[in-house]
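Following: one structure in C-alpha cells, then a few remarks.
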Amino acid sequence: MRAAVRRAATAVAVLALLLTGCSGGGDDGRDADGTIRLRFQSLAWQKESVDANKQLVREWNAAHPEVQVEYVQGSWDSVHDQLLTSFEGGEAPDIIHDASDDLADFAYGGYLADLRPLLPTRLKADIPEQSWRTTTFGEGVHGVPFLQEPRVLIANTKLLKASGARIPTPEHPWSWEEFRQVTKELTGKGRYGIAWPLKEPVSVTLNLGLSGGGQLFHRDSDGKAVLRFEPGDGVVTGTIHDQVNTDRSAARSALGMGGSDALPGFFGGRYAMLPLGFSYRQQIIQQAPEGFDWTVLPMPAGAGGAVQGVSPQTLSVAEESPHKREAVAFIDFLLRPANMVRLARGDWMLPTGTEALADPSLRVAEHGWAVGAALAEGLRPAPAQSVRGYPEWKDKVATPAYQEFYSGAIGTDELSKRLVEDGNRVLARYQR
C-alpha cells in the first residue's frame, strides 16, 4: 500500500515538473508574464546605509522591468544561522550580503555559486587582487568584496596636543613601542591613555597582529592550516597586555566592552584614545558633546609594516538560484563606482573598488576620511580568512584564552599553548 502511494506521489511530482518546464513559470523565479524575481538580503542597518541600498534597488527595478529585485532586511546578529537554515531548507535569497570571514563553510559546503564565469571584466579589474583573495575558497570565487573597514585610533585632540606627543600620519605611524610610550604619557589622574574594547578580542588581535609581523595561521606542505605562535604574534598581544597590567595606561574595565560601550568614557575624558573600526566615526559625530574635538589617527606599525587584516563585506549568489547571471548583473549595477561610493558613505566605510576609492568625497580631511583612504593600500585578507574550523577555534579556544591573557590571568606561554595545541586539534577535525 505504501509503495503504491509512493509511486503515485512520484508520478504526480514528475508531472508537476513537466508542466512547470512547459509553462516557463513557477519554481524558476519567474512570474506568469516571464518577469524574473530576485531576492536581495541586505545587512545594512544604519539609516543612511539602508536608504542607499533601498534607493539603488528602486533604480535597478525602474530600469529593468524584466528583472525585479525584492529588498529583504537581514541582521548581522543572526546572519550565519539564518543563512544555514535557509540553505538547508532551499529558501536562500538569490543575492546574499555577508562578510568574507563568514563565507568559508558556506563556500566549501556548496551553498554559494562560483562567480568566476559570471563576473564582468570591469568589476574584476576594478577590485584589487588582495581583496579578491578574501572571497576565494579553493579554486572558486564565492563573493564580491565591496566594503572594508580599517581599524583606526580615535583620539581626544586636546589631550593629545597637551601631551606633546608626535602626531602620527599614515606615512609615518607610531611604532608599537612609541605607541606604548604615548599611552603612558597620556595617562593621568582619573584618565587612561587608552581603552581597548575587547569584548570580541580575536579578530582585533589577528588583524592588527599582521603589522607586528604575526600571522598565527600557516599552511603546511600539504596545504593544511596549522597554528604557530611566533615572535611576531607577541607584538600586539604583548603591547595590550603590558598597557593593562604593567603600565596601567589601559583601562582594565574596558576589556569586556564593545566599541559603543567605551564612547561615553571617551567623551567624558576617562580615555584619551580608542582603537575602533572606521565606521564608528558616525556614532562619534552623532553622540559627542558639543565642542568635543577628536581626530582620526592610523594604528601603529611594526616589523610587518603599516598593514592590517580585514574581512570585507561581500555580495554572493546562492548556488540554488535559478538566475545567477541576472543576480550578478544586479551586483555589478550595485557596485558601479558611483554606487559603491554611495554605499561606502552610507556605511562610513571604504570601498574596495579602485575607482570608487579615488572619489574626492572620500579623500577630504573632515571626519578622517583622508586618513582612512590612505590606509586602504595596507589592508590585507584576515589571517584566518579561508580556514575551515575557524569559528569553532575562535569561540571555544581563542576568545577565552585572549580574554584571560589580557586580564593578566595567564602568561604568554599559556596563551601560546592554548592557541596552538588546542587550536590545532580543532582544525584537524575539519581537515581530515
Side-chain angles (χ1 to χ4, degrees), residues 80 99 101-102 104 149-153 176 179-180 183 192-218 225-262 271 273-277 299-300 302 304 307-311 380-385 387 389-427:
H80 185 87
D101 61 355
D102 191 42
E149 180 176 26
R151 193 160 292 268
V152 294
L153 287 168
W176 284 99
F179 168 62
R180 182 179 170 188
T183 58
Y192 292 95
I194 194 164
W196 285 93
L198 290 176
K199 184 178 181 179
E200 301 288 344
V202 181
S203 62
V204 176
T205 303
L206 293 183
N207 289 338
L208 293 181
L210 293 179
S211 73
Q215 188 172 338
L216 201 60
F217 286 85
H218 303 265
V226 294
L227 288 149
R228 295 197 300 269
F229 193 94
E230 298 177 340
D233 296 300
V235 173
V236 173
T237 55
T239 299
I240 298 172
H241 174 277
D242 290 346
Q243 285 174 325
V244 174
N245 298 283
T246 303
D247 306 337
R248 303 290 197 270
S249 60
R252 183 183 303 274
S253 59
L255 293 175
M257 294 180 180
S260 298
D261 302 327
Y271 319 128
M273 292 190 295
L274 290 177
L276 296 172
M299 292 299 299
V307 300
Q308 56 179 285
V310 290
S311 297
R380 301 288 184 266
Q385 195 69 64
V387 175
Y390 168 74
E392 181 179 343
W393 173 82
K394 180 184 74 171
D395 293 341
K396 295 183 178 179
V397 177
T399 295
Y402 281 126
Q403 287 174 337
E404 290 183 49
F405 175 72
Y406 290 139
S407 70
I410 62 173
T412 303
D413 289 344
E414 179 65 17
L415 173 69
S416 173
K417 179 181 177 183
R418 290 199 199 178
L419 294 177
V420 174
E421 294 183 12
D422 296 349
N424 280 327
R425 282 194 289 268
V426 170
L427 299 188

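Start at 1 with the first residue, then count along the sequence. The analysis underlying the following values was restricted to heavy atoms, covering all of them including side chains, and did not include hydrogens, waters or symmetry mates. In this text the structure is predicted, and so the values were computed from the model without any measurement.
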*Qualifying residue, where the test is side-chain contact (heavy atoms from CB on, under 4.5 Å) with Pro275 and the options are Val204, Ile240, Ile194*: Ile194

*Take Leu419 and Trp393 through the test side chain to side chain contact (heavy atoms under 4.5 Å, CB included) and record every step on the way to the result.*
CA-CA 8 Å; Leu419 294 177; Trp393 173 82; 3.8 Å; yes

*For Ser416 and Asp413, indicate whether the former's side chain and the latter's backbone hold a donor-acceptor pair under 3.5 Å.*
no

*Supply the atom-to-atom distance Ser253 OG to Tyr271 OH, rounded to the nearest 0.5 angstrom.*
4.5 Å

*Identify the two heavy atoms, one from Gly423 and one from Val397, that lie closest to each other, and give their separation to 0.1 Å.*
N-CG1, 4.2 Å

*Calculate, to the nearest 0.5 Å, the distance between atoms CG and CG belonging to Leu227 and Asn424 respectively.*
4.5 Å

*asked:* So, taking the atom named CG in Leu198 and the one named OG in Ser407, what distance separates them when rounded to the nearest 0.5 Å?
replied: 11.0 Å

*Taking all atoms of both residues into account, what is the closest heavy-atom pair of Leu153 and Pro300, and its distance?*
CD1-CD, 4.2 Å

*May I have the step-by-step check of salt bridge (charged side-chain N to carboxylate O under 4.0 Å, His left out) for Arg425 and Glu421, ending in yes or no?*
CA-CA 7 Å; Arg425 282 194 289 268; Glu421 294 183 12; 5.0 Å; no

*Give me the ring orientation class for Phe179 and Trp196: parallel if the planes are under 30° apart, tilted from 30 to 60°, perpendicular past 60°.*
perpendicular

*What distance separates Lys199 NZ from Gln403 CD, expressed to the nearest 0.5 Å?*
10.5 Å

*Residue pair Lys394, Asp101: steps toward the side chain to side chain contact (heavy atoms under 4.5 Å, CB included) verdict*: CA-CA 12 Å; Lys394 180 184 74 171; Asp101 61 355; 5.9 Å; no

_With side chain to side chain contact (heavy atoms under 4.5 Å, CB included) as the criterion, how do Val226 and Leu427 come out once you've worked through the C-alpha distance, each side chain's angles and the decisive distance to 0.1 Å?_
CA-CA 7 Å; Val226 294; Leu427 299 188; over 6 Å; no

*State which residues pass side-chain contact (heavy atoms from CB on, under 4.5 Å) with Glu200; sequence neighbours excluded, sorted by chain then number.*
none

*asked:* Do Val236 and Gln308 have side chains that approach each other closer than 4.5 Å (heavy atoms only, starting at C-beta)?
replied: no

*State which residue, out of Leu210, Val310, Asn207, fulfils the side-chain contact (heavy atoms from CB on, under 4.5 Å) condition with Arg380.*
Leu210

*When rounded to the nearest 0.5 angstrom, what distance separates CG in Leu276 from CE in Met299?*
9.5 Å

*So, do Thr205 and Phe405 sit near enough that their side-chain heavy atoms are less than 4.5 Å apart?*
no

*asked:* Using the rule given for side chain to side chain contact (heavy atoms under 4.5 Å, CB included), can you reason through Gln243 versus Ser249, listing the C-alpha separation, both sets of side-chain angles and the distance that settles it, and then say yes or no?
replied: CA-CA 5 Å; Gln243 285 174 325; Ser249 60; 3.6 Å; yes

*Ser203 OG to Arg151 CZ distance, which is reported to the nearest 0.5 Å*: 6.5 Å

*Minimum heavy-atom distance between Ala99 and Ser311, given as atom pair plus value*: CB-O, 4.4 Å

_Pairs satisfying side-chain hydrogen bond (donor to acceptor under 3.5 Å, both in side chains), at least one member in residues 230-241, at least two apart_ = Arg228-Glu230

_Non-hydrogen atoms of Pro400 and Asp395 that approach each other most closely_ = CD-O, 3.6 Å

*How about Glu404 and Glu414: do any of their side-chain heavy atoms sit closer than 4.5 Å?*
no

*Which of parallel (below 30°), tilted (30 to 60°) and perpendicular (above 60°) describes Tyr406 and Tyr402?*
parallel

_Looking at every heavy atom in both Val426 and Gly389, which two are closest together, and how far apart are they?_
CG1-O, 3.9 Å

